[in-house]
> 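Quick one: the structure is below, questions incoming.
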2 protein chains.
Amino acid sequence: LISIAHEAGDLNDFRAILGNDIAIKAYREGEQPFPDGTIIARLAWSYGPSEENNKVFGREQSFVAGAPINIQFIVKDSRKYAATGGWGYAQFNDGKPADEVVHKTCFACHQSAKARDFVFTRYAP
Amino acid sequence: LISIAHEAGDLNDFRAILGNDIAIKAYREGEQPFPDGTIIARLAWSYGPSEENNKVFGREQSFVAGAPINIQFIVKDSRKYAATGGWGYAQFNDGKPADEVVHKTCFACHQSAKARDFVFTRYAP
């Protein structure tokens with residue numbers, strides 16, 4: 001587990017960011033750019049109140065992960081993916097890979113995090 | 001990873017709920033009560049905006065996990081912890097176990113989730 005986040009605005013999701021051992025080690029040691037072989041996964045669910053918890057507590061208390069939205073991965077291979085900052089991008093909707101048009105949007109957005117090796121997520125200690 | 005949540009109100013935290021293999025299996029198969037040996041961990045961090053992400057996007061976009069608050073565990077042993085619904089409760093602040101007074105408050109609150117074997121968190125698929 002690298003961290004968790006709530007994206008507001010159009011996304012309005014709840015997400016967990018997981019990494020393989022190479023990713024976790026790089027995060028903990030502050031190694032940037034991330035080494036080849038790093039894999040970071042982003043799982044997203046809908047974001048909403050827990051009606052059953054709120055009923056128990058009698059107030060707006062809990063916001064929880066609802067229906068799954070999609071899963072994204074970034075994989076570091078500085079040679080293979082040199083054109084996109086060394087990262088390959090993938091998105092799966094309901095287990096099926098998203099199409100090329102979707103994947104073309106990934107790097108455009110991640111470029112804004114260039115100073116952090118194109119990765120938005122920081123490690124939650 | 002079982003799920004993630006944002007607790008509002010006095011808590012105002014961001015939390016990840018993790019489980020051992022027994023916990024994950026029970027969640028996926030809808031097995032309740034949870035079998036002996038189930039361990040569920042709750043990691044909590046402060047909840048707040050990501051100033052650096054928001055600057056990039058020019059709007060209130062990201063809410064992220066900040067400083068760690070504490071870690072809690074529940075362990076199922078229906079004989080050893082019979083007096084508290086079969087669950088043993090533990091909290092660690094900065095690596096050190098919390099005192100008895102804190103632990104006395106755990107079951108009082110979890111009793112309100114008795115219909116779900118005293119566990120608030122549902123599995124995020």
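The chains referred to below are lettered A, B, ... by the order of the sequence lines, with proteins before strands, and numbering in each begins at 1.
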> Verify, without hydrogens or angle tests, whether Asn20(B) (side chain) and Gly37(B) (backbone) share a donor-acceptor contact under 3.5 angstrom.
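Yes; at least one donor-acceptor contact below 3.5 Å.
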> Among Gly66(A), Gly9(A), Ala67(A), Pro125(A), which residue has the highest count of heavy-atom pairs closer than 4.5 Å to chain B?
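Option with the greatest count: Pro125(A).
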> Checking Ser3(B) against chain A: side chain, backbone, both or neither under 4.5 Å from a heavy atom?
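Side chain only.
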> If we define contacts as heavy-atom pairs under 4.5 Å, which of Cys109(A), Ser112(A), Ser50(A), Ala5(A) has the most with chain B?
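Option with the greatest count: Ala5(A).
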> Any side-chain heavy-atom pair from Ile69(B) and Phe14(B) closer than 4.5 angstrom?
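A side-chain contact is absent here, since even the closest heavy-atom pair is not under 4.5 Å.
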> Where on Arg116(B) is there a heavy atom nearer than 4.5 Å to chain A: the side chain, the backbone, both, or neither?
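It is the side chain, since no backbone atom gets that close.
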> With sequence neighbours excluded, tell me which residues meet salt bridge (Lys or Arg N to Asp or Glu O under 4.0 Å) with Arg59(A).
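Salt bridge (Lys or Arg N to Asp or Glu O under 4.0 Å) check on Arg59(A) returns nothing, list empty.
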> I'd like to know whether the aromatic ring centres of Phe63(B) and Tyr47(A) sit less than 6.0 Å apart in this structure.
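Ring centres of Tyr47(A) and Phe63(B) not closer than 6.0 Å.
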> Does Asp99(A) have more than 12 heavy atoms from other residues, nucleotides or ligands lying within 6.0 Å of its CG?
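Check passes, neighbour count above 12.
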> By a 4.5 Å heavy-atom criterion (distance strictly below it), what part of Arg15(A) contacts chain B: side chain, backbone, both, or neither?
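Looking at Arg15(A), just its backbone touches chain B.
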> So which of Asn53(B), Leu1(B), Val64(B), Asp10(B) has the biggest tally of heavy-atom pairs under 4.5 Å with chain A?
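Looking at each of Asn53(B), Leu1(B), Val64(B), Asp10(B) in turn, Asn53(B) comes out on top.
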> What do you reckon, are the aromatic ring centroids of Phe34(B) and Phe118(B) less than 6.0 Å apart?
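That pair fails the under 6.0 Å test.
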> For Glu60(A), which atoms come within 4.5 Å of any heavy atom of chain B: side chain, backbone, both, or neither?
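Only the backbone of Glu60(A) comes within 4.5 Å of chain B.
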